[in-house]
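Written below as structure tokens is the structure these notes are about.
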Amino acid sequence: GDVTMNDADNDEGQEHGGGGGVTPEPESEEDDDDGDNGNGNDNDEDESDEETDDGEEDDDDGDGGSYLDLRRDRYASPAGGAHGGHPGVGSFNEAYGDTTAAQARAGRDVQGIPWDRLQFTREGYRDKRVAEYKNYANLDFSVSELDGVCLPLAQCPAAAPYFEFAHNTRAVRSNFVHFQLRNLVWATSKHDAYVMSENRVVHWNASTRRATTVLDLDGGASGSGGVIAGDFPRIQVSTTCVRDGVLAAGGFAGELVVLDLRSGAARSMRITQDDNGITNAIEFFATRSGAEVLVSSNNDMMTRFFDLETMRCLARHRYPWAVNYATASADGRHMVVVGDSKEGWLVDTASGRRMAKVGGHLDFSFAAAWHPDGCMFATGNQDTTTRLWDVRHLGQSLCVLRGRMGAIRSLRFSADGRFLAAAEPADFVHVYDVAQGFQEVQTLDHFGETAGIGFSPDGEALFVGVADLTYGSVMEYSRRRQGHAAVLI
């Protein structure tokens, strides 16, 4: 029942090895969407210049180029300021520090944005952002195709918030380097989050409010401490995963770094020599025998499985399109695989055999997640929707959930199965109540690109990484309990 080898050789999984042959698997007819890779630029380096490698895109690239760069939007400088009363930069760079729940209840902006010094209100700027946002798509489709299929967010607000604002820290500036890959925030407890920041993986302790570098992937250039990965001079990190004391990071050139957070031991390798081998996603899962396995999703149309203890490559499965996300069910028997296709595949984990295809999305998918019960899964797409599926009835999706302005880049179910969080590229994270059939939702509202989202294992906290040149941060939300006053944003 475990993942088994499907190739005659295994050299592709050796440290710093690569180039081994592969067995095309699972077999499939060629998809019409095969060809262009959904990652936009065929494995180029950073989407932005060196000075701004926190993920900012040009207006014509990425998910709308929607950074909260208020310097572009003319805000009011204080009278008699350095710029003679004209719009300027001086007041914009004033540090506002962290924001606590008590400060937010007293009226302070949760991100520390000084709206009283700007020429528009928070609500006015929100309307401006939504109106001007340009969603990125790889395929041509009409949004009218979604009308009548999705329940509008405005019609299903939660009667009371599920999560309330707890803290925002700008001590850790979240960032990302590829505009379509937003899985760079993970929580291992309600007090512990791991975030990608300036090519370093940083541990944020929400209890002590301290940030510590645990993995330096900048070739040691930052001088910030933490484990330096192998012989690679610098790794452009595209994705991460953290669970049960293990941290993994994938890179633009097919690099894979795995760090044992308890012992500090690290392994690094290049799992593909393909020029277009960017690691799009990483997840861990346990097989039925209890073995811990890492699965990587790569742009070279492959998923690869590694034994976490030995980092031996167990299997490789090939697809007819770039694989953007692969995730295993709770029992490890089945996987959902999505990529540069309008379809998603349900496959047998051990053999890679395709069991079913699901359709209905209008563009490429970059997110997927299993409900803990193993019967339901979700897929997130650049058509701005999340679709829910029952493995027992795959002919039609259970429901279609529409975002507010952009693609669904990251999906997470809480460990208790009560909530599904769906992150848009910027500004919005939607938290759906599974028990209410996804018909009620709380929308968390921030300004800036979303680097990732992560529930704590106990479901008591939700962390959101905000990537922005000035207001980059980690936002923390706590599960609201009966009788508590919530901070609504």
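Legend: residues meeting ring pair (Phe, Tyr, Trp, His ring centres under 6.0 Å) with His371, ordered by chain and number and at least two apart, are Phe413. Not counting sequence neighbours, Trp204 has no partner by the ring pair (Phe, Tyr, Trp, His ring centres under 6.0 Å) test.
Defined by atom type and a distance below 3.5 Å, a donor-acceptor pair is missing between the side-chain atoms of Ser197 and Asn175. Looking at Glu424 and His430, their side chains do bring a donor and an acceptor atom within 3.5 Å of each other. Side chains of Asp192 and His203: a donor on one and an acceptor on the other come within 3.5 Å. One side chain, Ser365 or Asn381, offers a donor N or O that lies under 3.5 Å from an acceptor on the other. Residues Asn138 and Gln382 have side chains that bring a donor and an acceptor to within less than 3.5 angstrom of each other. Between the side chains of Asn183 and Thr239, no donor-acceptor pair of N or O atoms lies under 3.5 Å. Using modelled atom types, one finds no donor on one side chain facing an acceptor on the other under 3.5 Å when comparing Thr349 with His334. The closest side-chain donor-acceptor pair between Thr385 and Arg402, if any, does not fall under 3.5 angstrom. No hydrogens or angles considered: a donor-acceptor pair under 3.5 Å links the side chains of Asn299 and Asn276.
No donor-acceptor pair closer than 3.5 Å links the side chain of Arg418 to the backbone N or O of Asp433. Distance alone, capped at 3.5 Å, places no donor-acceptor pair between the Asp216 side chain and the Arg200 backbone. The closest donor-acceptor contact from the side chain of Asp383 to the backbone of Leu362 lies under 3.5 Å. The backbone N or O of His191 sits less than 3.5 Å from a side-chain atom of Ser189, completing a donor-acceptor pair. For the pair Thr327 (side chain) and Ala369 (backbone), a donor-acceptor distance under 3.5 Å is absent. Between the side chain of Thr188 and the backbone N or O of Arg243 there is no donor-acceptor pair closer than 3.5 Å. A donor-acceptor pair under 3.5 Å links the side-chain atoms of Ser263 to the main chain of Ala265, judged by distance alone.
In this structure, the ring of Trp186 has its center no less than 6.0 angstrom from the ring center of Tyr194. Taking the six-membered ring where the residue is Trp, the centroids of Trp370 and Trp389 are separated by 6.0 Å or more. A centroid separation of less than 6.0 Å is found between the aromatic rings of Tyr162 and Phe419.
Figure legend: cation-pi geometry between Arg312 and Phe306 absent, as NZ or CZ is not positioned both under 6.0 Å from the six-membered ring centre and within 45° of its axis.
Considering OG1 of Thr384 and CZ of Arg404, their distance stands at 13.0 Å, rounded to 0.5 Å. Going from atom CZ of Arg316 over to atom CG of Asn298 covers 11.5 Å, rounded to the nearest 0.5 Å.
Across every non-hydrogen atom of Arg270 and Ala253, the tightest pair is NE-O, 3.2 Å.
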Going through the checks in order, is the side-chain contact (heavy atoms from CB on, under 4.5 Å) test met by Gln180 and Asn280? CA-CA 9 Å; Gln180 290 169 308; Asn280 292 326; over 6 Å; no
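With a 4.5 Å cut-off on side-chain heavy atoms, Leu256 and Met311 count as touching.
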